[in-house]
Amino acid sequence: MARADFYLIGKPRFREQPLLLACELARKASDAGLPMLVLCASAAQAEMLDDLLWSFDPDAYVPHQIVGADEDEDEVPVLIAAPEHDAALRPLVLNLRDAAVPDGFDRVLEVVPADDSARGPLRERWKQYVARGLDVAKHDM
C-alpha cells in the first residue's frame with residue numbers, strides 16, 4: 001500500500017530554513033539507497049535546494065542533480081524537478097509543490113511549514129491521500 005508521510009516543522013533550524021528538512025530527508029533516502037524525486041514549487045526553489053545540498057552538512061554528500069542538467073538522470077540518487085520539467089515519478093517522492101502527487105509512487109513525503117496559515121492546504125492534501133486509500137502518518141520535526 002502506498003503511503004504519505006507529513007513532516008511538521010517545529011525545530012528552530014527548520015523554521016528558519018525549511019529546505020534544511022528537505023536536505024535531511026534527501027540524505028536519509030540516499031543513505032538508504034532509495035532513489036528520490038524532489039518536486040520543487042519553482043525553478044528558484046530547485047536551485048536553492050541544489051545549492052543547499054552541497055553545503056548543509058560538511059560531512060554529508062548527497063548525490064543529486066536538477067532535471068535537465070545532465071543526461072544520466074536515471075543514475076542519480078536524488079533528482080530535483082522544477083515545475084517546468086517533467087520527470088517520471090520514483091518510488092519515493094518529496095513533494096514541495098502546492099498540489100498532491102498523482103498516483104505512481106510507493107511513498108510521498110510532504111513538508112508542513114511551521115506557519116499555521118500555510119497548513120490549511122496540507123490538511124486538504126492529507127484528506128486527499130486518505131480518500132485515495134494511502135496509509136498516512138505525521139512526524140514532528
Side-chain angles (χ1 to χ4, degrees), residues 1-116 118-141:
M1 169 186 286
R3 188 180 136 181
D5 290 285
F6 286 75
Y7 291 84
L8 283 72
I9 292 178
K11 293 180 182 174
R13 73 185 195 116
F14 295 141
R15 281 179 182 261
E16 293 167 12
Q17 197 167 12
L19 283 181
L20 280 178
L21 179 55
C23 290
E24 293 291 344
L25 294 171
R27 173 179 34 197
K28 286 182 180 184
S30 179
D31 289 351
L34 299 171
M36 172 187 271
L37 174 64
V38 182
L39 298 175
C40 289
S42 67
Q45 185 183 53
E47 292 288 337
M48 284 189 297
L49 181 59
D50 177 53
D51 290 343
L52 197 55
L53 279 167
W54 288 111
S55 63
F56 81 103
D57 182 340
D59 297 325
Y61 172 65
V62 180
H64 67 281
Q65 74 180 41
I66 295 176
V67 172
D70 197 352
E71 294 183 15
D72 296 330
E73 292 175 356
D74 293 338
E75 307 294 321
V76 69
V78 177
L79 188 60
I80 303 168
E84 57 271 11
H85 294 286
D86 289 328
L89 289 180
R90 290 180 167 191
L92 181 60
V93 177
L94 173 56
N95 187 25
L96 302 175
R97 294 184 182 168
D98 294 332
V101 179
D103 292 331
F105 57 83
D106 294 336
R107 184 174 174 209
V108 63
L109 313 177
E110 296 277 355
V111 174
V112 182
D115 179 10
D116 283 336
R119 290 187 172 186
L122 284 138
R123 287 185 185 99
E124 288 304 313
R125 209 170 311 163
W126 176 291
K127 292 175 189 175
Q128 291 173 13
Y129 289 135
V130 168
R132 287 170 33 193
L134 275 70
D135 185 22
V136 180
K138 166 183 87 91
H139 310 276
D140 292 319
M141 301 302 290

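Taken to the nearest 0.5 Å, the OH atom of Tyr61 stands 12.5 Å off from the CG atom of Asp31. Distance CD/Glu73 to NE2/His85: 9.0 Å, rounded to 0.5 Å. In this structure, CZ in Phe56 is found 10.5 Å from CG in Leu21, a value given to the nearest 0.5 Å. Taken from CG in Leu94 to CG in Leu49, the straight-line distance is 7.5 Å, to the nearest 0.5 Å. The CG atom of Leu8 sits 12.5 Å away from the CZ atom of Phe14 when rounded to the nearest 0.5 Å. Atom CG of Leu79 is separated from atom CD of Gln65 by 6.0 Å, given to the nearest 0.5 angstrom.
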**OP:** With side chain to side chain contact (heavy atoms under 4.5 Å, CB included) as the test, would you mind laying out the steps for Phe6 and Leu109 before giving the verdict?
**Re:** CA-CA 6 Å; Phe6 286 75; Leu109 313 177; over 6 Å; no

Original post:
Stepwise, does the side chain to side chain contact (heavy atoms under 4.5 Å, CB included) test hold for Leu96 with Gln45?
Top reply: CA-CA 9 Å; Leu96 302 175; Gln45 185 183 53; 3.7 Å; yes

**OP:** Any chance you could lay out the salt bridge (charged side-chain N to carboxylate O under 4.0 Å, His left out) test for Arg3 and Asp106, step after step, and finish with the verdict?
**Re:** CA-CA 6 Å; Arg3 188 180 136 181; Asp106 294 336; over 6 Å; no

Subject >> Test side chain to side chain contact (heavy atoms under 4.5 Å, CB included) applied to Leu25 and Cys23, step by step >> reply: CA-CA 5 Å; Leu25 294 171; Cys23 290; over 6 Å; no

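Residue Arg27 comes nearest to Asp57 through the heavy atom pair NH1-OD2, 2.6 Å, listed as atom of the first residue, atom of the second, then distance. Pairing each heavy atom of Met48 with each of Leu19, the nearest pair is CB-CD1, 3.9 Å. Smallest separation of non-hydrogen atoms from Pro113 and Arg119: O-NE, 2.7 Å.
Exactly one residue among Leu37, Leu134, Asn95 makes a side chain to side chain contact (heavy atoms under 4.5 Å, CB included) with Phe105. That residue is Leu134.
Counted within 6.0 Å of CG on Asp98, heavy atoms from surrounding residues, nucleotides or ligands total 12 or fewer; the atom is thus considered open.
A donor-acceptor pair is defined here as one N or O able to donate and one able to accept, closer than 3.5 Å; such a pair exists between the side chain of His64 and the backbone of Asp50. Side-chain atoms of Tyr129 never come within 3.5 Å of backbone atoms of Glu124 as a donor-acceptor pair (strictly under, hydrogens ignored). Between the side chain of Glu110 and the backbone N or O of Leu122 there is no donor-acceptor pair closer than 3.5 Å. Using modelled atom types, one side-chain atom of Arg97 and one backbone atom of Ala82 make a donor-acceptor pair closer than 3.5 Å.
A salt bridge links Glu24 and Arg13; the closest N-O separation between the charged side-chain nitrogens and carboxylate oxygens is under 4.0 Å. Contact check on Asp103 versus Arg132 returns a salt bridge, with a Lys/Arg side-chain nitrogen under 4.0 Å from an Asp/Glu carboxylate oxygen.
Leu52 places a side-chain heavy atom less than 4.5 Å from the side chain of Gln17. With a 4.5 Å cut-off on side-chain heavy atoms, Pro77 and Pro35 do not count as touching. Within the 4.5 Å cutoff, the side chain of Val111 has heavy atoms near those of the Ile9 side chain. The shortest distance between side-chain heavy atoms of Ile80 and Cys40 falls below 4.5 Å. Using a 4.5 Å cut-off on side-chain heavy atoms (C-beta onward), Val93 and Arg107 make no contact. With contacts defined as side-chain heavy-atom distances shorter than 4.5 Å, the pair Trp126/Lys138 qualifies. For the pair Met36 and Leu92, the minimum side-chain heavy-atom distance is below 4.5 Å. Contact annotation: the side chain of Pro63 approaches that of Ser30 to within less than 4.5 Å [non-hydrogen atoms, C-beta and beyond].
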